[in-house]
> 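Handing you a structure now.
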Amino acid sequence: MWDSEYAAQLLPAFLPAFAVTIGATITGFMLAVLFGLLFAIAGRSAAAPVRWASRSVVEFIRSTPLLVQAFFLYYSVPMLTPVAMPAFATGVLALGLHYGTYMSEVFRSGIDAVPRGQWEASTALHLSKRKTWISVILPQAIPPVIPVMGNYLIVIFKETPTLMAITLVELLLTAKTEASATYRVFEPYTIVGLLFLAVSLIFSLGIRRLEKKWSFGRENEKGGLR
Amino acid sequence: MITQIEKQWYDESAENEAGHALSPSLRPAGGKPIVRFRSVRKSFGELPVLKGIDLDIYPGEKIALIGPSGSGKTTLGRMLMTLEEPTAGTILIDGEPLWAMEKNGKPVRANEKHLQKMRGKVGMVFQHFHLFPHMSVLKNVTLAPRSVLKLSKEEAEELAVAMLRKVGLEDKLHVYPSQLSGGQKQRVAIARALVMQPKIMVFDEVTSALDPELVGEVLSVIKEIAKEGQMAMLLITHEMEFAREVADRVIFGAEGLIVEEGKPEQIFTNPRSERLQAFLQRFL
Amino acid sequence: MNAPWLDWLPMLLDGTLITIQVALLSAVVSIVLSALAGLGSLSRYAVVRLISRAYVELFRACSLLVLLFWVYFALPFLQIELSKLMAGVLAIGLNIGAYGAEIVRSSVSAVSGGQREAGIALNLSGTQRMLRVILPQAAVRMVPPFGNLMIELLKSTSLVYFITLSDLTYEAMVLRNNYYVWTPYIFGLLLLIYFLISSCISLVSRLLERRLAVWR
């Protein structure tokens, strides 16, 4: 049933695919952070239409499947605009937009946790809105939510196989191609499955460590104030 | 572990009346104690909270347990309610060990079934009420009679309404706890515990979480119940006036030991130990 | 030129029904698994706790699409052959159930210890305490996160497209082949339908929460 020789033959094909998966994960994550910040800040805008628009977009993206969003971006955008993006760019954009909406919630909770007085102090110091966000609010809002952001890194990693639908040659599509070439299905899918399992388990273990260290460090900080 | 239980077990079978602390003058005439604490110890991890408690409580007796915070008063009540297991020593209810039982002629640690049987004789009112927030007042009071005593809906409700009348809340039957004041919540909690007709009831600092103006209504309800007489009460309290008025006997505990016990007049007007004198100073 | 909306309707309707069927079935599987593993994580038996934790950790770490492929394509090699529907329902149910278990566990442990103690003081049995006292209070906490989880579940049903189960996404892809020039419209409509179903889920979850929380 399990053919180790065949499994070993598969590895060279999986190596570049693994690189693509990791690349898509990291780029998608960075875009998600970027979009998340934009959504979070727009969601707190003083202008009601901006707030409303941002929240509606977030709500809509969160309520619809990543797969369909990827299809839309890959197949429809080139027909509606002169822009045609390759699979990788489209894929990471879809990941970034989709998980940006989740990330915006994470940032929102971080921003809400910054005491009101910080805003008031910034106003009293005549800081501009931009300066207030960049120098005062975000540096306090982001560190506490870093572990949660890390969790989304894992989530994005696990979602990358969806992008095979728009022909991104990542791990799962590679496994499928191998399987259809050799008609031997068990080994490629099992290898990919174990690979995903191993990477996300190791990742989440690391994040839990980080979380513990983080909360411990914060308690110490509080203790130091006493 | 088993050796510990064995020791507890045989301690009890010896049934050594003379060996225990209560002087005859304090003992109510007639009757065997309903609850006996024998060399009861309790530690939380390394921290000893009770360091050897001997205490007998007689049927219908009202005992006030006073002492500084952290003296282990609450722990004593919680062990009687089976919320904490003693580290060593025996608690007997009606002569039967609470935390140990006999299995094939051998003493073993009590199982859930044994605890459940014993628990029926004890009731408890908590400092923070712990009403069931998702149930109306009436449901709070009828839940246990229906599920535990298997009374019919009508019987349980009749009993519950009678109890709620006793605590003066018969007009709040269909209200949720979130709509009640603290004093009302605590009175419902008292009715909820009373309806199970325990032989002894633990009142664990039942007014400590209340606003000062609400303390009186709760204390007067407890006084009323105390007058009825049949049920023994273990009143863990910081209300000295109340303790003096209601209790048959007052126990002063500090640092995990019983320091002094006696009739209320003696304890409050003529405290012997320096500890108690210092403690009472603070309430003058 | 107008988009031939009416021509699309029958296929999209068929697809919607399949999507809803997959969603409902996997919701049942996932809710059962959530309850078992969530309460199992709090069991007093170490073996039960271990099994529950292992399930939760394993299936949360697993990529759903990879799991779906494995269940549908690789399992037959272990002599376990499932229909497309069963494979989809099993994979989605297993995956979402692991997340639901965490919701159940945290909601139950968030009910204050005093409630348990009050139950003991009234001599309720362990089962009675759980069913009458703890769970009704935990349920109110569970509803909003479960609502969100069910939206995640609905979204993940689109993955059955990959094993050619003719759900909404699959039907839309077929339509796109036949009406290529209308691609943006078809996908736009597809997004809209998913959005509408999601909105129904959040509406139900909000109503349910209000109903369960009358006592607050």
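Each chain gets a letter, A, B and so on, in the order the sequences are listed, and its residues count up from 1. Values below: every heavy atom of this structure, side chains too, minus hydrogens, waters and symmetry copies.
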> Tell me if the CZ atom of B:F242 is crowded by more than 12 foreign heavy atoms within 6.0 Å.
yes

> Can you tell which part of B:L131 gets under 4.5 Å to a heavy atom of chain C, answering side chain, backbone, both or neither?
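Contact with chain C is through the backbone of B:L131 alone.
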
> Grab the two heavy atoms, one from C:A118 and one from B:H130, that are nearest each other, plus how far apart they are.
CB-O, 3.5 Å

> Determine the option with the most heavy-atom pairs under 4.5 angstrom with chain C, choosing from B:K113, B:R119, B:E112, B:H134.
B:H134

> What heavy-atom pair brings B:M135 and C:R132 nearest, and what distance separates the two atoms?
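Scanning both residues completely, I find the closest heavy atoms to be CE-O, 3.3 Å.
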
> Would you name the heavy atoms of B:M124 and C:A121 that are closest together and state the gap between them?
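Scanning both residues completely, I find the closest heavy atoms to be CB-CB, 4.1 Å.
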
> Among B:Q179, B:M196, B:Q116, which residue forms the greatest number of heavy-atom pairs with chain C at distances under 4.5 Å?
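Result: the option with the highest number of such pairs is B:Q116.
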
> Evaluate whether atom NZ of B:K223 has more than 12 neighbouring non-hydrogen atoms of other residues, nucleotides or ligands under 6.0 angstrom away.
yes

> Given the options B:P133, B:S178, B:A189, B:S147, which has more heavy-atom pairs under 4.5 Å with chain C than any of the others?
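Sorted descending by pairs with chain C, the first entry is B:P133.
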
> Heavy-atom count check: over 12 atoms from other residues, nucleotides or ligands less than 6.0 Å from C:R53 CZ?
yes

> Does atom CZ of B:F44 have more than 12 heavy-atom neighbours, drawn from other residues, nucleotides or ligands, at distances under 6.0 Å?
yes

> Does C:R206, at its CZ atom, have more than 12 non-hydrogen atoms belonging to other residues, nucleotides or ligands within less than 6.0 Å?
no

> Which heavy atom of C:Q115 sits nearest to which heavy atom of B:F132, and what is that distance?
OE1-CD2, 3.0 Å

> Evaluate whether atom OH of C:Y185 has more than 12 neighbouring non-hydrogen atoms of other residues, nucleotides or ligands under 6.0 angstrom away.
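Result for OH/C:Y185: open.
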
> Which region of B:H128, side chain (C-beta onward) or backbone (N, CA, C, O), has a non-hydrogen atom less than 4.5 Å from a non-hydrogen atom of chain C, or is it both or neither?
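No part of it gets close to chain C.
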
> Identify which part of B:M81 has an atom lying under 4.5 Å from any heavy atom of chain C, answering side chain, backbone, both or neither.
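The answer is both parts of B:M81.
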
> With a cut-off of 6.0 Å (strictly less than), are more than 12 heavy atoms of other residues, nucleotides or ligands near NZ of B:K139?
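Result for NZ/B:K139: open.
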
> Between C:R216 and chain B, with a heavy-atom cut-off of 4.5 Å, which part of the residue counts as in contact: side chain, backbone, both or neither?
backbone

> Please state whether the side chain, the backbone, both or neither of B:R78 comes within less than 4.5 Å of a heavy atom of chain C.
side chain

> Can you name the nearest heavy-atom pair linking C:L122 to B:A193, along with the distance?
CD2-CA, 4.4 Å

> Apply side chain to side chain contact (heavy atoms under 4.5 Å, CB included) to B:L83 and C:I120, showing your working.
CA-CA 8 Å; B:L83 298 174; C:I120 293 177; 3.8 Å; yes

> Between C:Q128, C:Q137, C:R116, C:E117, which has the largest tally of heavy atom pairs under 4.5 Å with chain B?
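Between C:Q128, C:Q137, C:R116, C:E117, the count favours C:E117.
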
> Which of the residues B:P145, B:P198, B:A144 is involved in the greatest number of heavy-atom pairs with chain C at under 4.5 angstrom?
B:A144

